[in-house]
Structure formats: C-alpha cells, structure tokens
K.L.:
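Let me begin by handing over the structure; questions about it come next.
Here the structure is a predicted model, which means the values were calculated and not measured. Whatever order the structure lists ligands and atoms in, that order sets their numbers, starting from 1.
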Amino acid sequence: MDKDLPQRMTPEEFRHWGRRVVDWIADYWASVEEFPVCSRNAPGEVRAQLPPAPPQQGEDFDDFLRDVERIILPGITHWQSPNFFAFFPASVSGPSVLGELLSAGLGIQGMLWATSPACTELETHVLDWMADMIGLPHRFKSSGPGGGVIQDSASSATLCALLAARERAEGMNCRQSGISLPLVAYASREAHSSVEKAVAIAGLGGGRLRLVEVDERLAMRPRALAEAVHRDREAGLHPFFVCATVGTTSSLAVDPVEEVGRVCAAEGLWLHVDAAMAGVAALCPEHEHLRQGLDCADSYCVNPHKWMLTNFDCDCFYVADRAPLVGALTVLPEYLRNAPTESGQVIDYRDWQIPLGRRFRALKLWFVIRYFGVEGLQSLIRKHIALAGEFAQWVAAHPDFELAAPPSLNLVCFRHGDGEEFNRWLLQQVNASGRSYLSHAVLDGKFALRLCIGQANTERSHVEGVWELLKDLAQESCP
Ligand SMILES: *Cc1c(COP(=O)(O)O)cnc(C)c1O
C-alpha cells in the first residue's frame with residue numbers, strides 16, 4: 001500500500017476542515033446580500049474552468065474551498081439572498097443544515113425499519129407533529145390506517161398518490177388478469193406540471209389527464225370537474241384520480257377542496273391535495289381555509305423545503321390509508337426479508353416511495369421544529385404574508401402598475417400597464433441588475449411579474465428596495 005495516498009480523512013482532519021466549512025457557510029450567510037442575486041455566468045463558464053480529467057493523486061482540501069469561491073460562487077444564484085423573490089422560497093436555516101450534516105455523518109440507509117429503527121420512528125413521529133401543526137385531519141396520522149412519510153419532492157408525492165390511487169382502482173384482479181382499466185386523471189389547468197409528469201411516468205397513456213377549467217380566481221371549477229367525469233364515464237373510460245391544488249404555482253390560487261372532495265366522494269375518485277408551498281401557512285390558525293375539505297382527501301403533501309426553513313429535500317406526504325400505497329410499491333426480495341418486517345409491527349418506508357434507499361431526512365425537520373418552535377415558525381409566516389400584503393397595496397395604489405391576480409399569502413402577481421413586451425423588459429432589467437430576482441407567470445393568457453416572499457432574512461427594506469427599483473426602471477424607460 002502506498003503510504004502517501006490518503007485512504008480516509010481522519011476524524012481529526014475532519015474536525016479541522018469541518019470547522020472551516022461551517023465557518024465558510026456562516027460567512028456566506030452573513031454576506032449573501034452582497035452578491036448579485038442571479039448568477040451572471042454564461043453557459044459553459046464553470047466547466048471551462050474545471051480540469052478535463054480528475055486528479056490521479058488526492059489534493060489539498062484548502063484548494064477545494066478556494067475553487068468554490070473562484071469557480072463555483074459566480075455560478076450560483078443566491079436563493080438564500082433576502083432579495084430572492086423568484087419562483088418559490090428555498091429557505092434554509094442553521095438547525096436544518098446541521099441536522100443534514102448529522103444525517104450525512106451517520107450515513108445510514110433507512111429503507112427498512114430494521115436498517116435503523118430511529119430513522120423510521122423519528123420520521124413517523126415528526127410527521128405526526130407536522131400533521132397537528134398544520135391541522136390535518138386525524139386520519140392522516142400514524143395512529144390509524146394512514147400516516148406520513150418524507151418524500152424528496154412534491155413531484156414524487158404526487159406520483160406516489162397516483163400509483164396508490166391506481167392500486168385502489170384496479171387492485172389485485174387487474175394485476176392478476178393483466179387487464180388494465182382505461183383510467184383518467186383530473187387536475188385544474190393551473191395545477192403543477194408534476195401531475196402531467198406523474199401521469200406520463202405511470203404510463204396511463206396519452207390523453208388520460210383532463211385539465212379542468214378554472215374560475216376568475218384561477219381555482220378549479222368543481223362543476224366542470226363533475227361534468228368532465230360524467231363525459232368520460234359515458235365514453236367508457238374509468239375516472240380514478242383528482243389532484244386539487246392548495247396554492248397553485250403561478251398565482252397561489254386555492255382550489256375549493258371541499259366541493260372537489262364532494263365530487264370525488266360521489267364518484268369514488270382518489271383525491272390528492274397538493275399544498276406544496278401554501279400548506280405551510282396553515283401553521284397559523286387564521287389561514288384555516290387552507291385545510292378546508294381535507295376530511296375528504298385521500299392524500300396530501302406539503303414542502304417544508306419551500307417555506308419552512310428546511311433545506312431541500314423535504315416533502316411531507318400523507319395518506320389516509322397506507323394499504324393501497326404499500327400495495328402499489330412493495331416488492332419483497334429474499335435479501336430484504338427480516339423478522340420485524342414479517343411481524344407486521346413496523347413501518348418499512350421503502351414501501352412508501354419509489355426508490356429503495358432513503359436518507360435520514362427527519363433529523364433536519366425535527367431540528368427545525370424544535371429550534372424555532374411552532375410559534376417561531378408562525379411568526380415568520382405572518383411576517384412574509386404581511387410584507388406581501390404591503391407590496392400589493394403599493395402596486396394597487398400606483399397609477400402605472402396593477403395587480404394581475406388577487407394577492408395570495410406570500411405571493412403577489414402584478415404588471416406594469418404598458419403591455420407584455422414592456423413587462424418582459426422590466427423583468428429582465430430587474431434580474432440583470434443583480435439587486436433582486438423576480439420570476440413571471442402567464443395568467444389568463446397575460447404576462448405577469450411574480451414576487452414571492454419567503455426568506456428568513458427578508459425585511460421590509462428589501463421589499464421596498466425591489467419596489468423602488470421597479471418604479472425607477474419604469475420611469476427611466478419613459479422619460
Ligand atoms: C413547487 C411546487 C411543486 C413542485 O415541488 P417539488 O417539491 O419541487 O417537486 C408542486 N406543486 C406545487 C403546487 C408547487 O408549488
């Protein structure tokens with residue numbers, strides 16, 4: 001064995017470099033506001049600076065950090081900047097990142113209860129906490145036939161919900177006979193693209209997703225849903241799955257879950273509720289409308305990795321009955337057989353998700369909830385919603401700007417009155433300035449700017465900053 005070739009980083013070396021990295025992150029967070037929010041890199045700029053071949057001999061850790069600053073940082077869009085208002089927040093926090101670090105250090109695979117009991121039990125427990133925190137019905141808690149699991153993303157949650165729904169609709173009979181039903185799924189026109197993707201992955205076949213009409217608030221029309229279901233039944237198809245959205249991606253519109261649920265109950269359809277971002281606001285009792293109708297839902301998901309200070313990935317996915325989910329996803333090869341599984345007394349989360357392996361994600365969520373407490377998290381949500389409300393008022397009161405949709409929670413969709421081309425230009429100018437980052441949506445066929453507030457370090461001054469910037473740019477352009 002060649003003595004000079006490192007075969008491990010010793011615990012002492014790890015201690016040294018680990019401190020350096022934690023210091024680096026703390027310095028980054030302290031100064032993140034100073035970077036241009038949106039990366040200015042041109043395509044290929046990062047790769048052009050990387051050596052074509054990997055090193056044959058190990059290199060100094062010191063050099064890695066230097067290269068992170070030199071090569072990587074310019075290619076970073078600073079999602080943790082207080083001036084990041086695009087898409088949705090990806091807010092992280094100290095306790096979350098430290099929980100993630102512990103998870104990486106423990107380096108376990110939580111596929112079965114037996115492969116690390118704490119990984120499964122902490123996850124079940126923290127998801128029960130979360131269910132209570134956001135006021136989900138009891139049926140989603142682990143004490144009954146239902147329960148929660150952490151998925152990597154809302155997209156995976158929606159796919160798992162769809163597969164469970166198919167299992168319930170088709171069951172053993174179809175599987176044994178090899179005959180599948182002509183299944184049809186439904187979501188509103190404003191639903192997230194992950195529904196379409198889930199339908200494609202599940203192999204339902206083309207034209208098996210109906211995009212239901214929305215009302216003037218961009219929420220699903222339950223009557224249009226019922227009509228579509230009837231039409232499909234008459235055509236000999238088999239409706240089975242509806243995805244309602246609580247907080248659509250474009251405008252945070254909230255589908256009327258209660259009415260949609262009534263249609264689902266009457267027609268025997270699986271109701272999945274996608275509350276990826278907005279669901280977190282149900283932490284605050286004043287937003288209880290976000291949990292209306294959930295008694296009728298078969299599954300539900302919400303992303304702490306968006307608006308609850310938990311770094312990606314962490315989606316909380318709940319089912320009211322775990323049997324069809326497990327039925328759809330379980331395969332038990334000989335090498336995974338073990339006594340606890342066979343006892344039926346434990347949860348094996350590999351049966352609740354697509355992959356076999358799984359990370360210990362509950363640690364970071366547990367740390368976040370314990371560090372901030374429910375009240376700390378509530379106060380942050382309230383602060384963001386209040387700031388968005390103020391911004392919406394400034395927009396509404398300005399002669400040249402208008403709201404493009406009713407402001408909802410932490411999101412404001414708005415536009416300048418001078419038409420699409422001008423608004424595109426404005427967006428491009430704001431983002432090129434480096435001082436702020438907004439995104440856009442098309443609502444009712446019309447282009448709109450989109451400001452979403454969700455970083456823990458965003459203060460009123462930052463929101464004022466982007467508003468001043470918008471007004472200045474609009475002013476400059478028309479002297
Ligand atoms: C962000 C978002 C998604 C996608 O979330 P991922 O966790 O990135 O898959 C899905 N649905 C809604 C409503 C969203 O806001």
K.L.:
Within a distance under 4.0 Å of any heavy atom of His305, pick out the atoms of ligand 1 and give their elements.
P.N.:
7 (O)
K.L.:
If you look at every heavy atom in Val260 and Met220, which pair is closest and at what distance?
P.N.:
CG2-SD, 3.7 Å
K.L.:
Among side-chain atoms of Glu33 and His462, is any donor-acceptor pair under 3.5 angstrom?
P.N.:
yes
K.L.:
Against ligand 1, does Thr248 come closer than 4.0 Å with any heavy atom?
P.N.:
no
K.L.:
If the contact criterion is a heavy-atom separation under 4.0 Å, does Thr249 count as touching ligand 1?
P.N.:
yes
K.L.:
Out of Thr158, Leu252, Asp274, Val246, who is nearest to atom 13 (C) of ligand 1 when you count heavy atoms only?
P.N.:
Asp274
K.L.:
Please answer whether the main-chain N or O of Asn423 pairs with a side-chain N or O of Arg415 as donor and acceptor at a distance below 3.5 Å.
P.N.:
no
K.L.:
If I apply the N/O under 3.5 Å rule, does Ser194 come out as touching ligand 1?
P.N.:
no
K.L.:
May I ask you to check if ligand 1 and Ala154 share an N or O to N or O distance below 3.5 Å?
P.N.:
yes
K.L.:
Against heavy atoms of Gly247, which atoms of ligand 1 measure under 4.0 Å?
P.N.:
13 (C)
K.L.:
Do Trp307 and His384 have side-chain atoms, one donor and one acceptor, less than 3.5 Å apart?
P.N.:
yes
K.L.:
What residue and heavy atom of the protein are closest to atom 9 (O) of ligand 1, and at what distance?
P.N.:
Ser155 OG, 2.6 Å
K.L.:
Looking only at distances, please establish whether an N/O atom of ligand 1 is found under 3.5 Å from an N/O atom of Asp152.
P.N.:
no
K.L.:
Nearest non-hydrogen atom to atom 3 (C) of ligand 1 belongs to which of Met277, Glu190, Lys306, Lys197?
P.N.:
Lys306
K.L.:
Return the orientation label for the Tyr349 and Trp352 ring planes: parallel under 30°, perpendicular over 60°, tilted otherwise.
P.N.:
perpendicular
K.L.:
When you measure from atom 10 (C) of ligand 1 to every protein heavy atom, which one gives the shortest distance, and what is it?
P.N.:
His192 CG, 3.2 Å
K.L.:
Around atom NE2 of His125, are there more than 12 heavy atoms from other residues, nucleotides or ligands closer than 6.0 Å?
P.N.:
no
K.L.:
Kindly say whether the aromatic ring centers of Trp79 and Phe312 come within a distance under 6.0 Å.
P.N.:
no
K.L.:
Check the surroundings of atom CZ in Arg40: do more than 12 heavy atoms from other residues, nucleotides or ligands lie under 6.0 Å from it?
P.N.:
yes
K.L.:
Does Asn303 approach ligand 1 within less than 4.0 angstrom via side chain, backbone, both or neither, non-hydrogen atoms only?
P.N.:
side chain
